[in-house]
Protein chains: 2
Amino acid sequence: MQRTLKPPPPRGATLSDVAAAAGVSTMTASRVMNGRGGASEETKARVLAAATTLSYRPNSFARGLKGDRSFTVGIVVPDIGNPFFPEIIKGAELAARARGFTLLTCNVVEDPEREAEVLATLLDRRVDGVIVCSARLEDKRLQEAIEPHRAAVLINRPMSRRIAGTIEIDFRTGLAAATRLLIDRGRRRFAYIGGLATSHSGRMRRAGIIDALTEHGLELALEEATTPNLEGGVDAARRLLERGTGIDTVICYNDLVAIGAMSVIHERGFVIPRDIAVLGCDDILPARLVNPPLSTMHVAKQDLGDAAMRMLIDRIEGRNLQQSITIEPELIERGTT
Amino acid sequence: MQRTLKPPPPRGATLSDVAAAAGVSTMTASRVMNGRGGASEETKARVLAAATTLSYRPNSFARGLKGDRSFTVGIVVPDIGNPFFPEIIKGAELAARARGFTLLTCNVVEDPEREAEVLATLLDRRVDGVIVCSARLEDKRLQEAIEPHRAAVLINRPMSRRIAGTIEIDFRTGLAAATRLLIDRGRRRFAYIGGLATSHSGRMRRAGIIDALTEHGLELALEEATTPNLEGGVDAARRLLERGTGIDTVICYNDLVAIGAMSVIHERGFVIPRDIAVLGCDDILPARLVNPPLSTMHVAKQDLGDAAMRMLIDRIEGRNLQQSITIEPELIERGTT
DNA sequence: CTGAAAGCGCTAACAA
DNA sequence: TTGTTAGCGCTTTCAG
């Protein structure tokens, strides 16, 4: 079908149009437009006036082609449908814009292949750097996908400092503390519904729970892995309850999983938290809305996005000050524990 | 501070590198890479081999500078924190990628100024087209911001066909039907919590309610306007209940507002739906999770994003077949009505 | 079937 | 303070 392309709207004024209108050379116009010094007040005024009249807008392609910066950065998230990530994106975008960068958001739908693909596309688009959230790719391939980028920041995944800055949410410590608290309250038979096997931060969460359990001579009673969304939580909880060995606590990879699990637990006639306590991670909006409201590990998501973006831009600009940041999640007790 | 820029990673191979390696001219290499005819099988093979060896990736800036397409499209949303929009973005991104386009997502945080600004940035980035969701800009400025783009699709906002394709969710009809149903069930004193005054689709929702009310000789008992998020819902519901004239139904601009309102209604000791029925719009995830689960007007969000993107690409490519689509929302009764 | 030349819009480097 | 030259990587003529 592919008919003729719609003709582009009358191409906007170029820098030489502006220069001509102001009666100066392109170079002078360029200097004025970029606020570089070296132009008499008078010339400057003339150029600026011409630019306004012609409503001149610089062509970012030409700029990108020439200079070696695009003032574009990418962010890759596993699932934009999980409210956790839009909050991070929001923080990152604000920080990016404040520094003159445009943000390219890519959703990977939990598919490692897509992740590699997207990182390559971003490279083609000549982004100045990338933020990757919860990368699912295995170490070697992730490194290969990240390395060609000028700068990178990984959220929730460790990586050699040389290749990427990292921001980790210390769920291990956080969940260990939370687990201890639950043990003190008399909980004994813990189950963990983890995320995908490929998730580094899922393993950290598990480790935190085990840490606390071990201190008290306890073991993890049951365990399931699942895709980190609502449906995954439902499935995993079903399997869990079928294997049912009188668990009294379910700790979940994230809030979505926890909320899915809660619905199954209710369905099976258990009372939360009396029979079974439930704990999530992330503190997304729905967590406070379910019934009873979900206890969870709160993470400052917008701050996280903001910090990641600042770190990324620092790295792009050769300031590798902060190589790694750790954020402590905070236990918020609501009605499920 | 602004230290020296981190040196860009060794620039990837260019088309002439590939050409050189294959022993042909740049032009031939270009033709092969773009699958344009006119190259002997043998030459073709050699070029392709060279490209692979050098892991050649075309420079999208050079392409964009020359040709007049960037294969990038933008989508503008008022608030990425509202789960309604990530779903639309998801559908749109999938459709875009399937056709070789990259999607640039911009969050406007409900600020008309930002909306204009973002549309200009997108123009600078030479996107081939834009999708704008729930534009808040007033008609004239919106038109000015949209018109310079080669193609545009507006979601939930009417516009001259020449300037943009439109996708409307017919909340007017949908809410009229829902309102009629509620009237049949004996509800009489309706309140409406609308969105911002600048929201076209907010006015349409209101009109639908009024349509049904008028048919039955009823009037809207109370009305409030607010920012379309959870906090907005809380505020508006407070004001509503203070003016309290025994309303028995609250219809809300969207689910977030409805959920905010529900919390206030509970707080004040009313029982939902016995004392007051609540109806939302959009059917976002949290709607099914609150207690009681929220009745709402369901919208197929991913399909909407998909349809918008197809329409946009059609327009970019000069196929203005579908100029306007109307989507019917569907009443989902859960526990609040 | 293949190549040479020109130029998209911009800026870095060097003159003047 | 200002201008000239050259070239970023690609594709669109137009010739061979």
Side-chain angles (χ1 to χ4, degrees), chain A residues 4-5 7-48 50-51 54-72 123-126 128, chain B residues 4-5 7-48 50-51 54-72 123-126 128:
Chain A
T4 34
L5 193 62
R11 273 184 176 294
T14 79
L15 193 58
S16 25
D17 295 337
V18 174
V24 297
S25 77
T26 344
M27 207 42 238
T28 304
S30 167
R31 279 190 277 252
V32 172
M33 294 316 291
N34 292 304
R36 291 239 204 310
S40 68
E41 281 309 315
E42 203 240 306
T43 321
K44 197 162 145 188
R46 273 218 319 282
V47 172
L48 255 17
L54 302 175
S55 50
Y56 166 73
R57 311 243 58 186
N59 181 323
S60 55
F61 283 150
R63 250 200 207 155
L65 184 54
K66 185 65 190 165
D68 53 9
R69 304 182 72 176
S70 62
F71 288 98
T72 305
L123 204 57
D124 292 350
R125 298 279 166 184
R126 298 301 193 266
D128 292 334
Chain B
T4 35
L5 194 61
R11 274 183 174 293
T14 79
L15 192 58
S16 23
D17 295 336
V18 174
V24 297
S25 77
T26 339
M27 207 40 243
T28 305
S30 168
R31 279 191 276 252
V32 173
M33 295 314 294
N34 293 305
R36 291 238 205 312
S40 68
E41 279 310 314
E42 202 240 306
T43 320
K44 196 162 145 187
R46 271 216 321 282
V47 172
L48 255 17
L54 301 176
S55 51
Y56 166 73
R57 313 241 58 186
N59 181 323
S60 56
F61 284 149
R63 247 198 207 154
L65 183 53
K66 188 63 190 166
D68 54 8
R69 304 183 72 177
S70 63
F71 287 99
T72 306
L123 204 56
D124 292 349
R125 299 277 166 184
R126 298 301 195 264
D128 293 333

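Proteins get letters first, then strands, A, B, ... in listed order; numbering begins at 1 in each.
Of the possible polar contacts, one joining the S60(A) side chain to the D124(B) backbone as a donor-acceptor pair under 3.5 Å is found.
When the P atom of dT1(D) is taken as reference, atom CE of M27(A) falls 15 Å away, rounded to whole Å. If you measure from atom CZ of R125(B) to atom P of dG9(C), you get 18 Å, rounded to the nearest angstrom. Following rounding to the nearest Å, R63(A) (CZ) and dC8(C) (P) show an atom-to-atom distance of 18 Å. Regarding K66(A), its NZ atom lies at a distance of 6 Å from the C1' atom of dA12(C), rounded to whole Å. Across the protein-nucleic acid pair, R57(A) atom CZ and dC10(C) atom C1' stand 16 Å apart, rounded to whole Å. Remark: P of dC8(C) and CZ of R126(B) are 14 Å apart, rounded to the nearest angstrom.
E42(A) is linked by a side-chain hydrogen bond (donor to acceptor under 3.5 Å, both in side chains) to R46(A), counting only residues two or more places apart in sequence or in another chain.
The phosphate of dG3(D) has OP1 or OP2 within less than 4.0 Å of a side-chain N or O from S25(A). One finds no side-chain N or O of N59(A) lying less than 4.0 angstrom from the OP1 or OP2 phosphate oxygen of dC8(C). In terms of phosphate contacts, S30(B) brings a side-chain nitrogen or oxygen within less than 4.0 Å of OP1 or OP2 of dT11(D). A close approach under 4.0 Å does occur between a side-chain nitrogen or oxygen of S40(B) and OP1 or OP2 of dT2(C). Under 4.0 angstrom from either OP1 or OP2 of dT2(C) there lies at least one side-chain N or O belonging to T43(B).
The shortest distance between side-chain heavy atoms of R63(B) and N34(B) falls below 4.5 Å.
Residue T28(B) is the one, among P58(A) and T28(B), whose nearest nucleotide of DNA chain C lies closer to the 5' end (criterion: closest heavy atom). When each of R31(B) and F61(B) is assigned the nucleotide of DNA chain D with its nearest heavy atom, F61(B) is the one assigned upstream, toward the 5' end.
Atom CZ in R125(A) sits 11.0 Å away from atom CZ in R57(B) (nearest 0.5 Å).
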